[in-house]
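What follows is one structure encoded as structure tokens, with my remarks underneath.
Both backbone and side-chain heavy atoms feed into the values below; hydrogens, waters and symmetry mates do not. Here the structure is a predicted model, which means the values were calculated and not measured. The first residue of the sequence shown is numbered 1, and numbering continues consecutively from there.
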Amino acid sequence: MTQSRSPQAPDRNLALELVRATEAAALAAGRWMGRNRKNEGDGAAVDAMRLVLNTVQMDGLVVIGEGEKDEAPMLFNGEEIGTGQPPEVDIAVDPIDGTRLLAQGRPGSLSVIAISPRGTMFDPGPMVYMNKWVVGPDALGAVDIDAPVAENLSNVAKAKGKKVQDLVCIMLDRDRHEDMMAEVRNAGARLRLIMDGDVAASLLALLPERKVDVLLGIGGTPEGVISSCAAHALGGEMQGRLWARDPDERAQAEAMGYDVDKPLTNDELVSSKDTFFVCTGITDGDLVDGVDYRAGAAVTESLVMRGKSGTVRFIQARHNLDKVMEYSSIDFE
């Protein structure tokens, strides 16, 4: 039995316009690789991203911005971005996912933007961190954030047609994860620890062709919402639960009406599948290559996804910096 269809002409793909903003942020920030100056690198990315975003035809509201952790003067939560014309969208930005990685010249820093229709993106308020489980479409329905780690890993392995020993789990290397690390190891799965950058790590878990099966652990809530947009596009699954750093943060969230103990499904983190996700590599990583500066030019690699169609593009762009600098107000040199 064939399903009924409503054929449509191809419509606008915002992600193909947004990638110019992540490319600009990456090009500006990449000059700071290994110079151990986090603020300067982050500031360069923010300035470049905001300038390009304001040229995009959209009425954007920043729901996930630089936020409280960064005390940013631009791309802050609640800022209006774009030309002010439709469509109305919620925006999540992370001009540098992995500022420390960039500052120390380590792999895996990205510039990231995610978008969904207005009113569909979860606003985490004062909650900076959340516990997360992320799997790709080949393990859809296999995880439950309330289940023991070993049970989840057994179900993921079964869904993928693997043994638990075959699985690769990825997790931030943090003291708060000591018990969870032990549970992964006791279950027999392999464990990969990363210094920072759990947006890239979530994408590695979501893409079935990559060598990561599961992301788990406590990371940034903004990064979680961004990753949820990607999960919608890729047909994968993300579950989360807010994680308070101390009793005061928990009390503040509860006073604002947040149920800190409630599990959050992918549909609760972003309640629309019409999402857009783009990222551009700043330093080389497992997901995309970093900026490659050449004589008078630079090469970038980006990942561009649209939830409505499920289309995934890897875009390599060569930027003639000599020409760009003739008219650009962004300093790429």
Inset, instruction - Tell me whether Leu140 is reachable from Val270 by hopping between hydrophobic residues (I, L, V, M, F, W, Y) whose side-chain heavy atoms are closer than 4.5 Å. - result: no
Legend entry - Heavy-atom donor-acceptor pair, Glu79 side chain to Phe76 backbone, under 3.5 Å: yes
Inset, instruction - Please examine the side chains of Val56 and Leu14, heavy atoms only from C-beta on, and report whether any two atoms are closer than 4.5 Å. - result: yes
Legend entry - Sequence neighbours excluded, every pair satisfying salt bridge (Lys or Arg N to Asp or Glu O under 4.0 Å) that has a member inside residues 130-154: Lys132-Asp198, Asp138-Lys160, Asp146-Arg241
Inset, instruction - Give the cluster check for Leu242 versus Ile64: same hydrophobic cluster or not, with ILVMFWY residues linked at side-chain heavy-atom distances below 4.5 Å. - result: yes
Legend entry - Side chain Asp284, main chain Gly290, donor-acceptor under 3.5 Å: yes
Legend entry - Met33 atom CE: more than 12 heavy-atom contacts under 6.0 Å: no
Legend entry - Contact summary for Pro95 and Ile282, nearest pair of heavy atoms: O-CD1, 4.1 Å
Inset, instruction - Kindly compute the distance separating CG (Leu101) from CD1 (Ile96), expressed to the nearest 0.5 Å. - result: 10.0 Å
Inset, instruction - Using atom types as modelled and distance alone, determine if a side-chain donor or acceptor of Tyr258 lies under 3.5 Å from a backbone N or O of Gly125. - result: yes
Inset, instruction - Report yes if some heavy atom in the side chain of Thr83 is under 4.5 Å from a heavy atom in the side chain of Met58; otherwise report no. - result: no
Legend entry - Flag, side chain of Asp47 to backbone of Ala44, donor-acceptor distance under 3.5 Å: no
Inset, instruction - State which residue, out of Val278, Leu53, Leu27, Leu110, fulfils the side chain to side chain contact (heavy atoms under 4.5 Å, CB included) condition with Thr22. - result: Val278
Legend entry - CG (Asp261) with more than 12 external heavy atoms under 6.0 Å: yes
Legend entry - Ion pair Arg35/Glu40, N-O distance below 4.0 Å: no
Legend entry - Donor-acceptor pair between Glu237 and Gln239 side chains, under 3.5 angstrom: yes
Legend entry - Spatial distance of atom CG (Asp196) from atom CG (Asp97) [nearest 0.5 Å]: 8.0 Å
Inset, instruction - Please assess Val128 against Arg245 for the test side chain to side chain contact (heavy atoms under 4.5 Å, CB included), listing each intermediate value before the final yes or no. - result: CA-CA 8 Å; Val128 174; Arg245 291 173 291 181; 3.4 Å; yes
Inset, instruction - Can you tell me which residue pairs pass the side chain to side chain donor-acceptor pair (under 3.5 Å) test with a partner in residues 185-195, sequence neighbours excluded? - result: Arg192-Asp286
Inset, instruction - May I ask you to establish whether Arg31 and Tyr293 are in a cation-pi arrangement, using a distance under 6.0 Å from NZ or CZ to the six-membered ring centre and at most 45° from the ring axis? - result: yes
Legend entry - Distance-minimising heavy-atom pair for Asn155 and Ala142: CB-O, 3.2 Å
Legend entry - Atom CD of Glu80: over 12 foreign heavy atoms under 6.0 Å: no
Legend entry - Hphob cluster co-occupancy, Val214 + Leu206, side-chain heavy atoms under 4.5 angstrom: no
Inset, instruction - Decide yes or no for Ile91 and Ile113: does some side-chain heavy atom of the first lie under 4.5 Å from some side-chain heavy atom of the second? - result: yes
Inset, instruction - Starting at CG of Asn152, measure out to OG of Ser154 and round the result to the nearest 0.5 Å. - result: 9.5 Å
Legend entry - Distance (rounded to the nearest 0.5 Å) between Glu178 CD and Arg174 CZ: 13.0 Å
Legend entry - Nearest atoms (heavy-atom pairs only) where Ala233 meets Thr275: N-OG1, 4.0 Å
Inset, instruction - Measure from the side-chain N and O atoms of Thr221 to the backbone N and O of Met127, and report whether any donor-acceptor pair falls under 3.5 Å. - result: yes
Inset, instruction - Quick one: do Lys308 and Asp274 satisfy salt bridge (charged side-chain N to carboxylate O under 4.0 Å, His left out)? Show the steps, please. - result: CA-CA 5 Å; Lys308 184 177 180 180; Asp274 190 13; 5.6 Å; no
Inset, instruction - Check the pair Phe276 / Glu17 against side chain to side chain contact (heavy atoms under 4.5 Å, CB included), numbers first and verdict last. - result: CA-CA 11 Å; Phe276 300 93; Glu17 300 171 50; over 6 Å; no
Inset, instruction - Kindly indicate whether the side chain of Thr55, heavy atoms from C-beta on, has any atom under 4.5 Å from the side chain of Arg20. - result: yes
Legend entry - side chain to side chain contact (heavy atoms under 4.5 Å, CB included) between Phe277 and Val304, intermediate numbers included: CA-CA 6 Å; Phe277 174 95; Val304 177; over 6 Å; no
Legend entry - Student check: side-chain heavy atoms of Ile194 and Met171 closer than 4.5 Å: no
Inset, instruction - Could you tell me whether the side chain of Gln252 and the main chain of Asp248 form a donor-acceptor pair under 3.5 Å? - result: no
Legend entry - Under-4.0 Å salt bridge between Arg294 and Asp292: yes
Inset, instruction - Indicate if Val184 and Leu215 have the same hydrophobic cluster label, given that clusters are the connected sets of ILVMFWY residues with side-chain heavy-atom separations under 4.5 angstrom. - result: no
Legend entry - Side-chain H-bond candidate by donor/acceptor type, Thr283 with Ser109, under 3.5 Å: yes
Legend entry - Contact summary for Asn266 and Ser228, nearest pair of heavy atoms: OD1-OG, 2.7 Å
Inset, instruction - Mark yes or no: Arg250 above the aromatic ring of Trp243, with NZ or CZ under 6.0 Å from the six-membered ring centre and no more than 45 degrees from the axis. - result: no
Inset, instruction - Please confirm whether the backbone N or O of Val112 pairs with a side-chain atom of Asp94, one donor and one acceptor, at under 3.5 Å? - result: no
Legend entry - Heavy-atom side-chain contact between Arg313 and Leu16 under 4.5 Å: yes
Legend entry - Salt-bridge contact Asp90-Arg118 (side-chain N to carboxylate O under 4.0 Å): yes
Legend entry - Non-hydrogen atoms of Val288 and Ser302 that approach each other most closely: CG1-C, 4.2 Å
Inset, instruction - Measure the NE2-CE distance between His232 and Met305 for me, rounded to the nearest 0.5 Å. - result: 12.0 Å
Legend entry - Expected output: side-chain Ser227 to main-chain Ser202 donor-acceptor under 3.5 Å: no
Inset, instruction - Answer with yes or no whether the side chains of Ser272 and Thr120 bring together a donor and an acceptor at under 3.5 Å. - result: no
Legend entry - Heavy-atom pair of closest approach, residues Gly41 and Ala29: O-CB, 3.8 Å
Inset, instruction - Using only heavy-atom distances, determine whether the side chains of Thr99 and Asp42 contain a donor-acceptor pair under 3.5 Å. - result: no
Inset, instruction - Kindly compute the distance separating SG (Cys279) from CG (Leu18), expressed to the nearest 0.5 Å. - result: 12.0 Å
Legend entry - Intermediate values then yes/no, side chain to side chain contact (heavy atoms under 4.5 Å, CB included), Leu153 and Cys169: CA-CA 9 Å; Leu153 295 182; Cys169 302; 3.7 Å; yes
Legend entry - Side-chain touch Val143/Ile145, heavy atoms, less than 4.5 angstrom: no
Inset, instruction - Spell out, yes or no, whether Leu287 and Leu172 are grouped together once hydrophobic residues are joined by side-chain heavy atoms under 4.5 Å, including indirect joins. - result: yes
Inset, instruction - Taking Asp213 for its side chain and Val168 for its backbone only, find out whether a donor-acceptor pair lies under 3.5 Å. - result: yes
Inset, instruction - Find out whether Lys38 and Leu102 are in side-chain contact, i.e. whether some heavy atom of one side chain is under 4.5 Å from a heavy atom of the other. - result: no
Inset, instruction - Report yes or no: does His177 contribute a side-chain atom to a donor-acceptor pair with the main-chain N or O of Gly217 at less than 3.5 Å? - result: no
Inset, instruction - Using the side chain to side chain contact (heavy atoms under 4.5 Å, CB included) rule, pick out the option among Thr265, Leu269, Leu264 that qualifies with Asp267. - result: Thr265
